[in-house]
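Structure first, commentary second.
The figures that follow rest on heavy atoms only: side chains count, while hydrogens, waters and symmetry mates do not. Quick note on labels: first sequence line is chain A, next is B, and so on, each numbered from 1.
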There are 2 protein chains.
Amino acid sequence: MDVSPDNMPDNDVKTRKPRAPNSPPISGRATATGRAARNSEIVYRDLRDDIMNVALAPGAPILEKEVTERYGISRTPVREAILRLAEERLVNVFPKSGTFVSRIPVSELREAIVARKALEEVCVREATAKASKSRLMELRAIVQREQELAENGDEHAFHDADNAFHSGIAAAAGYPGIWTMIEKIRIQVERYRRLTLPQKGRMQLVVSEHSAVLDAIETGDGDAAVAAMMSHLNKLQIDIGTFQELWPDYFLFDEQRTQP
Amino acid sequence: MDVSPDNMPDNDVKTRKPRAPNSPPISGRATATGRAARNSEIVYRDLRDDIMNVALAPGAPILEKEVTERYGISRTPVREAILRLAEERLVNVFPKSGTFVSRIPVSELREAIVARKALEEVCVREATAKASKSRLMELRAIVQREQELAENGDEHAFHDADNAFHSGIAAAAGYPGIWTMIEKIRIQVERYRRLTLPQKGRMQLVVSEHSAVLDAIETGDGDAAVAAMMSHLNKLQIDIGTFQELWPDYFLFDEQRTQP
DNA sequence: GTAAAATATCTTGTATACTAGTTATACAAA
DNA sequence: TTTGTATAACTAGTATACAAGATATTTTAC
């Protein structure tokens with residue numbers, strides 16, 4: 001375009017240059033931390049967590065003004081947070097009307113599970129091929145931690161450890177970016193999972209399944225590792241019908257996308 | 001939280017209710033078109049396209065003010081557009097300093113290609129299993145169109161048709177949402193592809209590869225279809241080293257993520 | 001002449017005022 | 001009582017003003 005900052009020879013006249021920002025993002029830059037303590041980030045995380053925990057139920061309204069007053073900040077950062085949520089399809093913004101927590105779209109849910117399985121399969125296969133001993137020890141430690149948390153019944157911490165296990169496999173495979181993608185997909189599935197989670201003995205089952213996956217990885221049997229992981233992830237596909245009865249208006253069955 | 005709009009019995013006193021927004025996003029809603037003509041959307045798409053076309057080169061600064069004046073709008077919608085780009089890692093925002101088009105991170109690039117292959121594999125396999133005759137005819141028409149565009153040398157239209165083919169396969173598989181995910185991944189790869197695209201005879205090669213994929217789908221051979229698709233997508237993995245020489249500062253080699 | 005400090009000016013982040021559109025409510029008429 | 005309409009209140013989108021920090025330039029000391 002007509003920006004042309006460092007293409008033009010700017011060394012002929014020194015005093016006239018109106019301070020074109022000729023500081024591109026240099027590699028080893030100290031201030032590359034970027035958005036660390038931005039208010040919109042805090043609001044975003046809080047709202048996202050509330051939505052994922054179903055503390056904010058699907059269909060519930062989100063009032064900019066209420067959030068504004070709760071945090072004691074202005075509309076601008078709140079609005080940024082809501083826009084991020086809208087992109088992730090966690091909320092629906094109706095232009096001059098209101099913002100609401102989105103309902104769980106079952107068709108997307110199905111696809112999200114399929115996509116996650118595809119990505120986790122790649123990760124676990126690659127992890128089997130090239131995981132270092134230390135990585136395996138880390139993963140085993142996570143499984144052990146899960147065991148302890150399951151015994152204590154600490155659901156929240158167990159949930160974190162669960163994530164750490166899957167994240168660790170992606171890291172062992174050398175695919176941290178793919179784990180980022182899985183996490184984005186997981187956001188969609190998480191609300192559904194939170195509704196179905198409080199089943200007795202579920203944590204113990206997860207521990208044994210994780211352990212089986214790790215066993216296969218350690219023996220270097222890629223196919224077995226993939227099979228164990230698929231078996232594990234298939235547990236997500238409990239039939240949605242039963243939960244449809246419990247929370248009828250939490251789910252959305254037709255397609256009707258809001259943004260093309 | 002303390003919103004509680006339609007949970008409270010609001011039918012006792014009629015005149016005092018301060019218009020709590022008791023209109024959740026009803027399913028069959030007419031105004032569900034949502035963001036149609038929003039300025040931030042226009043700016044976002046234009047900037048994104050410019051970045052993907054490498055018209056805005058990696059490292060180039062993006063000045064809110066310049067965009068503001070170009071579109072004749074205020075900073076707010078421009079800012080929203082830039083924030084969306086920042087989430088997709090197409091730009092880097094340095095808080096009180098400036099915004100720059102991000103460099104192409106080669107490690108993420110590698111992972112993006114792996115992820116795309118995993119997702120496309122699922123799509124093409126499922127499409128082979130359950131594509132209707134009409135879907136197959138549509139896909140064949142797209143391939144034919146690609147052939148014609150390749151002969152005419154219309155690179156831009158060919159690019160669209162290319163996307164339509166992959167999108168069509170996802171649709172045939174019943175996974176339109178997965179295509180959305182692939183598109184998000186594709187954004188990252190697209191810039192690299194645009195740099196490597198102008199190779200002679202590339203379009204003709206793509207046509208034949210697409211045709212091979214479709215042949216396998218039509219015969220119902222899932223494994224062959226997957227193999228053909230993988231062979232097609234592997235073409236993306238040309239060694240990056242050669243292009244590193246041509247555009248040394250377009251790529252980023254170390255990790256250094258900006259947002260945790 | 002060199003280097004360091006001061007200053008000017010740019011950048012993005014935030015707050016607030018205003019606009020335009022939507023929905024609920026009140027009210028009137030049948 | 002029901003139905004249509006007017007109005008009032010609330011919504012998100014936008015514009016603009018201000019604040020805080022960073023970089024480039026200028027100035028000053030030596």
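- Between dG13(C), dA15(C), dT14(D), one nucleotide has an atom nearer to the side chain of R79(A) than all others, and that is dT14(D).
- Atoms CG (N39(B)) and P (dA20(C)) sit 13 Å apart, rounded to a whole Å.
- If you take CD of E41(A) and C1' of dT12(C), they are 16 Å apart, rounded to a whole angstrom.
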Ignoring hydrogens and angles, write down the donor-acceptor pairs under 3.5 Å from the side chains of residues 246-253 of chain B, residues two or more places apart or on other chains.
none

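- Residues that satisfy the side chain to side chain contact (heavy atoms under 4.5 Å, CB included) test with V122(B), not counting sequence neighbours, are V114(A), A118(A), Y175(B).
- Atom CG of L63(A) is separated from atom C1' of dT23(C) by 14 Å (rounded to the nearest Å).
- Among the atoms of the strands shown, none is found under 4.0 Å from any heavy atom of S40(A).
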Close N/O contacts between protein and nucleotides 19-21 of chain D (under 3.5 Å):
none

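- Evaluation of the side chain to side chain contact (heavy atoms under 4.5 Å, CB included) rule for S167(A) yields W179(A) as partners, not counting sequence neighbours.
- Regarding E64(B), its CD atom lies at a distance of 14 Å from the C1' atom of dT14(D), rounded to whole Å.
- When rounded to the nearest whole Å, the span between CD of E80(B) and C1' of dT14(D) equals 9 Å.
- For the residue pair R191(B) / S102(B), a side-chain donor-acceptor distance below 3.5 Å is found, with atom types taken as modelled.
- Checked against side chain to side chain contact (heavy atoms under 4.5 Å, CB included), E69(A) has the following partners two or more places apart in sequence or in another chain: K65(A).
- Atom CZ of R186(B) has more than 12 neighbouring heavy atoms from other residues, nucleotides or ligands inside a 6.0 Å radius.
- The nearest heavy atom of DNA chain D to G98(A) and to T76(A) marks one nucleotide each, and the one closer to the 5' end goes with G98(A).
- For the pair E66(B) CD and dT12(C) C1', the computed distance is 16 Å after rounding to whole Å.
- Side-chain N/O atoms of T99(A) include one lying less than 4.0 angstrom from OP1 or OP2 on dA12(D).
- Straight-line distance from the CZ atom of F100(B) to the P atom of dT23(D): 9 Å, rounded to whole Å.
- Judged as a side-chain hydrogen bond (donor to acceptor under 3.5 Å, both in side chains), the pairs with a partner in residues 51-64 of chain A (not counting sequence neighbours) are, in order, N53(A)-R194(A), E64(A)-R75(A).
- Within 4.0 Å (heavy atoms only), I62(A) reaches sugar-phosphate atoms of the nucleic acid but no base atom.
- Note: NZ (K65(A)) to P (dT16(C)) measures 13 Å, nearest angstrom.
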